Amino acid sequence: MAKISSRFVCNSCGYETLKYMGKCPGCGDWNSLREEASGPRGVHAPSIRVPAVPLDQIPDTSISRFSSGMQELDRVLGGGMVPGSMILVGGDPGIGKSTLLLQVAGNVAGSGRRVLYLSGEESLSQIKLRAMRLQLDEPGIFLLGEQHIERLENYLEEIDPHVVIIDSIQTVYTDSISSIPGSISQLRECTARIMKMAKNSGRVFFLIGHVTKDGALAGPKVLEHMVDVVINFEGDRTFSFRILRSAKNRFGSTDEIALLEMSGLGLVEVIDPSHYFLTERDSSVCGSAVVASYEGSRPLLLEIQALVVFSGPGYARRMASGIDQNRLALIIAVLEKNSGYNLAQHDIYVKVSGGVFLKDPSVDLGIAAAIISSFREKPLEADMVFAGELSLSGEIRAVPFMDQRIKEVEKLGYRSIVIPGNSDRRDLKAPGLNIREIRRIDEFIREFEEG
């Protein structure tokens with residue numbers, strides 16, 4: 001009988017060692033090594049020699065996508081689903097991952113294609129109850145309560161589905177690995193086998209993945225490298241709105257976002273997010289500014305809210321929701337340097353409406369304007385939008401896609417936009433829009449206090 005030994009595998013990076021260590025030598029995380037049983041390594045058969053092919057001799061192939069039935073999800077995917085691709089969907093528990101993919105299954109089956117839904121967490125009767133709530137009763141959806149990955153190939157030959165949904169990747173396992181489902185070894189091996197199935201058969205595979213308490217996808221980082229698309233499902237379960245964000249896409253652009261609303265009939269698309277984000281805005285209050293951000297391939301108008309209150313002696317608090325806190329500290333330092341404001345004795349809180357996390361540097365000017373407005377207790381102009389990056393010297397730097405931002409501002413009925421003085425507008429005709437150009441933040445502060 002072969003001897004079964006044990007090894008220690010890092011949950012973060014997959015590093016393997018024969019003895020336990022408090023700190024992983026691979027990634028540096030503490031207390032991330034977990035013991036797993038491992039059998040003897042088999043002898044691999046010699047591989048077949050594959051010839052190298054010159055690039056100019058490879059035939060041109062066009063990508064034939066098909067729709068998921070949801071316009072916003074297709075946008076995040078880069079225009080639709082690509083046959084033979086693997087899509088990893090991650091999010092917090094209860095955020096709506098299973099609901100989203102069951103709706104996708106209904107849309108795909110409604111178009112005449114077959115869908116195989118493999119569930120390792122819920123019973124088939126539970127999925128049926130969710131389908132009844134979503135008013136789905138498509139005969140092209142096949143439910144499978146199976147966790148054994150080796151048996152999946154038999155079902156693929158029998159049903160011949162166009163789309164396969166695995167809920168979740170942490171629940172399936174293979175007999176070739178002795179560790180429990182969800183372990184590092186099982187995740188790597190099962191994902192590798194699914195990837196081979198997808199590439200050989202041309203089917204679309206959706207994998208639902210768990211996340212850690214820090215919001216990162218559970219399992220080794222190699223899991224994200226192996227799949228073609230990584231989609232993060234973000235939002236607060238106490239609110240009805242959800243955000244789909246593309247973190248990786250081999251067939252389209254990254255950082256695309258889609259806005260969905262959770263309703264009694266499932267997730268409903270929000271086609272015009274800018275209008276939603278600004279619907280309940282009160283332009284007469286201090287500390288409120290509208291910014292023209294650019295997320296993925298489209299402009300997005302959002303409200304920035306700032307609150308500046310006197311804290312007295314001691315350490316002032318800096319809190320940010322929707323932007324990086326270090327970025328907020330940088331903007332405050334630039335304002336103190338160029339305005340003469342004593343912000344060191346004030347608590348400053350900044351929030352982005354709608355629960356969106358912004359990485360676009362063009363919102364720096366809007367954040368600074370909101371802080372100035374709250375500090376001076378003077379509201380900004382009601383129909384004013386901001387777009388510009390703030391440098392450490394106080395200069396307002398140009399940002400890309402200014403034409404598209406200005407068109408979005410004009411479409412939503414705003415009458416003024418503040419942009420950097422060196423922006424390339426390419427002779428855009430916007431007769432109903434007052435375009436104000438500034439070069440430094442102290443220039444804006446001076447105009448704001450005098451106005």
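Note that the structure is predicted; figures quoted are calculated from it, not measured. We number each residue from 1, following the sequence as shown.
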>> Could you walk me through whether Lys97 and Glu122 satisfy the salt bridge (charged side-chain N to carboxylate O under 4.0 Å, His left out) test, starting with their C-alpha distance in whole Å, then the side-chain angles of each, then the deciding distance to 0.1 Å, before giving a yes or no?
In response: CA-CA 13 Å; Lys97 302 183 296 296; Glu122 296 178 294; over 6 Å; no

>> Quick one, Glu408 with Arg405, criterion salt bridge (charged side-chain N to carboxylate O under 4.0 Å, His left out). Give me CA distance, side-chain angles, the key distance, then yes/no.
In response: CA-CA 5 Å; Glu408 183 73 9; Arg405 300 174 200 260; over 6 Å; no

> Going through the checks in order, is the salt bridge (charged side-chain N to carboxylate O under 4.0 Å, His left out) test met by Asp92 and Arg242?
Replying inline: CA-CA 11 Å; Asp92 293 331; Arg242 306 286 189 267; over 6 Å; no

>> One pair to check against salt bridge (charged side-chain N to carboxylate O under 4.0 Å, His left out): Glu256 and Arg245. What are the steps and the verdict?
In response: CA-CA 6 Å; Glu256 284 281 7; Arg245 188 187 300 272; over 6 Å; no

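To the nearest 0.5 Å, atoms CG (Leu77) and CZ (Arg65) are separated by 8.0 Å. Ile165 CD1 to Ser119 OG: the interatomic distance, rounded to the nearest 0.5 Å, is 10.5 Å. Atoms NZ and CG, on Lys128 and Leu102 in that order, are 10.5 Å from each other to the nearest 0.5 Å. Taking CG from Leu267 and CG from Leu259, the interatomic distance works out to 10.5 Å, rounded to the nearest 0.5 Å. A distance of 7.0 Å separates CZ in Phe206 from OG in Ser85, rounded to the nearest 0.5 Å. With values rounded to the nearest 0.5 angstrom, Ile367 atom CD1 is found 10.0 Å from Ile332 atom CD1.
For the residue pair Glu261/Ser263, the side-chain donor-acceptor check at 3.5 Å is not satisfied. Under the 3.5 Å distance criterion, with hydrogens and angles disregarded, a donor-acceptor pair is assigned to the side chains of Ser288 and Arg281. Remark: the Arg7 side chain and the Ser185 side chain contain an N/O donor-acceptor pair separated by less than 3.5 Å.
Exactly one of Val104, Val115, Val163 qualifies for a side chain to side chain contact (heavy atoms under 4.5 Å, CB included) with Val204. That residue is Val163. Across Val290, Asp383, Leu301, a single residue satisfies side chain to side chain contact (heavy atoms under 4.5 Å, CB included) together with Val409, and that is Leu301.
Pairs of residues two or more places apart, or lying in two chains, that qualify as side-chain hydrogen bond (donor to acceptor under 3.5 Å, both in side chains) and include a residue from residues 323-333 are Arg327-Asp364. Screening residues 159-168 for salt bridge (Lys or Arg N to Asp or Glu O under 4.0 Å) gives Arg114-Asp160, Asp160-Arg203 as the qualifying pairs, with residues at least two apart or on separate chains.
Annotation for Thr174 and Glu189: closest pair CG2-CG, 3.6 Å, computed over non-hydrogen atoms.
Among residues two or more places apart in sequence or in another chain, the side-chain contact (heavy atoms from CB on, under 4.5 Å) test is passed with Ala368 by Ile331, Leu335, Leu390, Ile441. The side-chain contact (heavy atoms from CB on, under 4.5 Å) test applied to Lys196 returns Asn200, not counting sequence neighbours. Applying the side-chain contact (heavy atoms from CB on, under 4.5 Å) rule to Tyr173 yields the partners Gln147, His148, Asp175, Pro181, Gln186; only residues at least two apart in sequence or on another chain are considered. Under the rule for a side-chain contact (heavy atoms from CB on, under 4.5 Å), the partners of Tyr20 that lie at least two apart in sequence or sit in another chain are Phe8, Asn31, Leu33.
By the 30° and 60° cut-offs, the orientation of the rings of Phe444 relative to Phe386 is perpendicular.
A donor-acceptor pair under 3.5 Å is absent between the side-chain atoms of Arg130 and the main chain of Ser125, judged by distance alone.
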